[in-house]
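Take a look at the structure below.
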Number of protein chains: 2
Amino acid sequence: MARYNIKDVAKVCGVSISTVSHALNDSRYVKKETKEKIFAIASEIGYKPSALAKGLRRKSLNTIAVFIPNIASQFFSQILLGVNKIANKNDFHIIIVNTFYNSEEESRLIESLKSQYVDGAIFVSGLDNRDCIKELHKENFPIVLVARKISEDIPSVLIDNFEAAKSGVDYLVSLGHKDIGYVTFEFENRSTVKDRFEGYKQGLVQNGLEFSPEKVLKIKQYSMDEMGITYECCKKFYVEKKLPTAIMTVTDNVAAGVYNFLKEKGCSIPEDISLVGFDNLLLSAFLDPPLTTIEQPKEKMGECAMEMIINIIKNRHDIKNNIVNLDSKLIVRKSAFKCKK
Amino acid sequence: MARYNIKDVAKVCGVSISTVSHALNDSRYVKKETKEKIFAIASEIGYKPSALAKGLRRKSLNTIAVFIPNIASQFFSQILLGVNKIANKNDFHIIIVNTFYNSEEESRLIESLKSQYVDGAIFVSGLDNRDCIKELHKENFPIVLVARKISEDIPSVLIDNFEAAKSGVDYLVSLGHKDIGYVTFEFENRSTVKDRFEGYKQGLVQNGLEFSPEKVLKIKQYSMDEMGITYECCKKFYVEKKLPTAIMTVTDNVAAGVYNFLKEKGCSIPEDISLVGFDNLLLSAFLDPPLTTIEQPKEKMGECAMEMIINIIKNRHDIKNNIVNLDSKLIVRKSAFKCKK
DNA sequence: TTGTAAGCGTTATCAA
DNA sequence: TTGATAACGCTTACAA
């Protein structure tokens with residue numbers, strides 16, 4: 001890969017390098033014929049400007065760091081798809097930083113980011129109380145959060161988790177359910193998870209039902225195998241508890257864990273118990289029966305975040321529009337049914 | 001983010017910038033006290049060398065491009081996990097290029113890669129007949145292939161797809177099956193897919209069974225929804241054909257499509273028909289019944305590829321070790337059972 | 001043991 | 001309408 005540089009082009013064209021640069025970048029007037037010649041020769045010898053040199057000079061490489069708990073998770077990789085799409089369209093690159101929900105690792109990586117060439121960062125999910133992210137924002141480093149909320153003034157892309165969860169309860173109530181359980185992750189420092197829980201609670205209350213903490217299973221998320229830990233926790237939690245007639249879960253993977261537990265126990269879904277998930281992960285359609293769930297527009301969230309950060313970088317940011325709430329909706333499949341009791 | 005540069009450090013330390021550079025990089029002897037002072041001050045003011053400037057000078061940014069058909073697919077994102085792990089460990093970054101199995105897009109992106117700052121590329125899956133990849137290799141640009149084979153001299157990380165598929169047939173035969181169907185993607189230009197098919201064929205023959213093309217359903221992969229297209233194709237293919245007693249599939253997503261088809265038809269798995277998948281995707285454990293499948297060590301393949309490419313870049317490449325075959329193994333779950341007939 | 005200065009490939013200022 | 005040249009922040013050959 002012998003590479004040509006701008007000097008080579010200039011020499012062949014018989015002009016100065018600044019003319020070449022200006023012609024190629026359209027950054028000042030260049031006589032038509034000169035310009036044409038420059039373009040012709042550049043393409044002929046296959047000249048590609050060095051993004052590196054350009055980056056050094058412009059102090060920007062059009063690259064965004066994307067912090068994500070786990071690339072290999074459906075939810076996150078769908079978001080990445082959207083991020084990637086918009087990045088491509090705008091000639092941006094992304095580098096992916098996998099944090100595995102590890103805050104120390106996240107901090108370390110943010111630190112190393114500073115030596116890097118990134119123009120901004122997108123943080124997907126993760127914990128709320130991250131001073132280092134606030135700091136980044138204070139230092140005017142462009143950041144956007146996705147499915148995570150740290151403070152009102154940091155740009156974030158979300159859905160209204162509270163309303164979405166409430167709509168799930170409404171749906172179950174409309175099917176006649178009065179005894180509705182909830183399975184969630186622990187939510188200190190996770191406002192998205194907490195908002196869903198509050199939506200569940202409020203949904204009960206607004207429908208004239210009583211909220212009872214005993215009906216809530218809180219799972220400590222110590223591993224990436226969300227289905228597996230859910231299954232284990234269910235075994236302990238429901239050991240001598242009566243099962244409710246319906247269960248809502250904080251995410252589809254958790255619902256899948258509940259499926260496994262219920263099937264093993266000989267309960268059939270939805271005859272004996274109804275289930276509603278959250279996120280509409282691909283697997284929810286594979287489950288048997290297919291899971292009724294609440295859609296989160298993952299790809300769109302990624303697109304939106306990338307668009308926002310590009311706007312911020314290019315100083316086109318509309319400061320009033322910090323928090324963007326996208327629409328979610330209930331996807332009715334076959335895991336929830338009329339309550340028989 | 002006011003950033004300090006090497007000059008600032010030099011000034012504060014009262015030494016020249018070359019001393020600072022050498023001290024920090026350990027690239028020539030620097031008096032102990034001087035060195036200590038440089039480190040102290042650098043860390044105090046939070047100096048981070050600009051990766052960009054370093055990259056321009058060294059003509060390398062320690063960045064690898066990873067070409068992948070679809071980040072949002074289980075199989076690929078698991079590979080990425082491994083790639084990412086080793087990259088992190090070695091202070092490499094990756095930029096991800098999503099091709100959606102589109103060869104033209106791939107070519108275009110390879111082209112744009114040349115203007116970029118990447119030190120090498122990993123190509124995951126995709127078609128075989130890619131001259132532009134061969135060309136890249138001829139130009140001595142470091143590349144490694146994963147789950148894809150273009151020619152013997154291009155470094156590749158694979159499993160032995162032929163043997164793996166054969167072992168699946170052996171297993172089904174050991175359960176008493178004599179009528180074994182196969183569902184695959186079309187495999188012009190996809191040697192990995194073809195090898196599996198050949199393994200299936202050879203497995204039949206070696207077990208004294210006859211291979212019959214009518215038992216093979218070939219799916220044209222025009223969409224990313226592998227489950228959906230499989231379901232549709234099954235409906236057409238088996239419309240008036242007798243179902244075999246067992247079916248092997250080219251990947252678990254295809255098996256999931258077959259599940260849907262069979263369940264709708266009222267066939268139960270494994271009582272009426274046995275199924276064996278391929279890849280051991282996460283979803284295979286979620287299926288009902290859990291799918292017996294052939295494991296492909298996805299994360300390890302990613303790790304291996306990244307290690308190889310780093311070796312190539314650092315000229316530590318052992319030229320004899322171009323094609324690496326990792327181990328695969330049969331994961332027995334509950335979708336295959338003794339043949340009743 | 002350390003400093004000077006060239007050079008990586010651009011962009012952008014100033015001058016013509 | 002265009003050209004010289006400094007500068008981006010670093011590494012490294014050469015000199016001291």
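Reminder, nothing fancy here: chain letters follow the sequence lines and each chain counts from 1.
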Testing the basics here: between B:I312 and B:V144, what is the closest heavy-atom pair and its distance to 0.1 Å? CD1-CG2, 3.9 Å
Determine, for B:K35 against B:D26, whether the closest basic-nitrogen to carboxylate-oxygen distance falls under 4.0 angstrom. yes
If the test is side-chain contact (heavy atoms from CB on, under 4.5 Å), which one of A:L145, A:I323, A:V324, A:V146 qualifies with A:L158? A:I323
Name the orientation class of the two ring planes belonging to A:F67 and A:F123 (parallel below 30°, tilted from 30 to 60°, perpendicular beyond 60°). parallel
Pick out which of A:L61, A:I95, A:V66 makes a side-chain contact (heavy atoms from CB on, under 4.5 Å) with A:V118. A:I95
For nucleotides 7-16 of chain C, 5' to 3', base contacts (B), sugar-phosphate-only contacts (S) and non-contacts (-) with protein non-hydrogen atoms under 4.0 Å give BBBBBB-B--
N or O in side chain of B:T19 less than 4.0 angstrom from C:dG3 OP1/OP2: yes
Nucleotides bounding contact with chain A, strand DNA chain D, heavy-atom threshold 4.0 Å: D:dT1 to D:dG9
Residues B:F76 and B:N70: closest non-hydrogen pair is CD1-O, 3.4 Å
d(B:T19 OG1, B:R28 CZ) to nearest 0.5 Å is 5.5 Å
So with a 6.0 Å cut-off around NZ of A:K300, is the heavy-atom count from everything else above 12? no
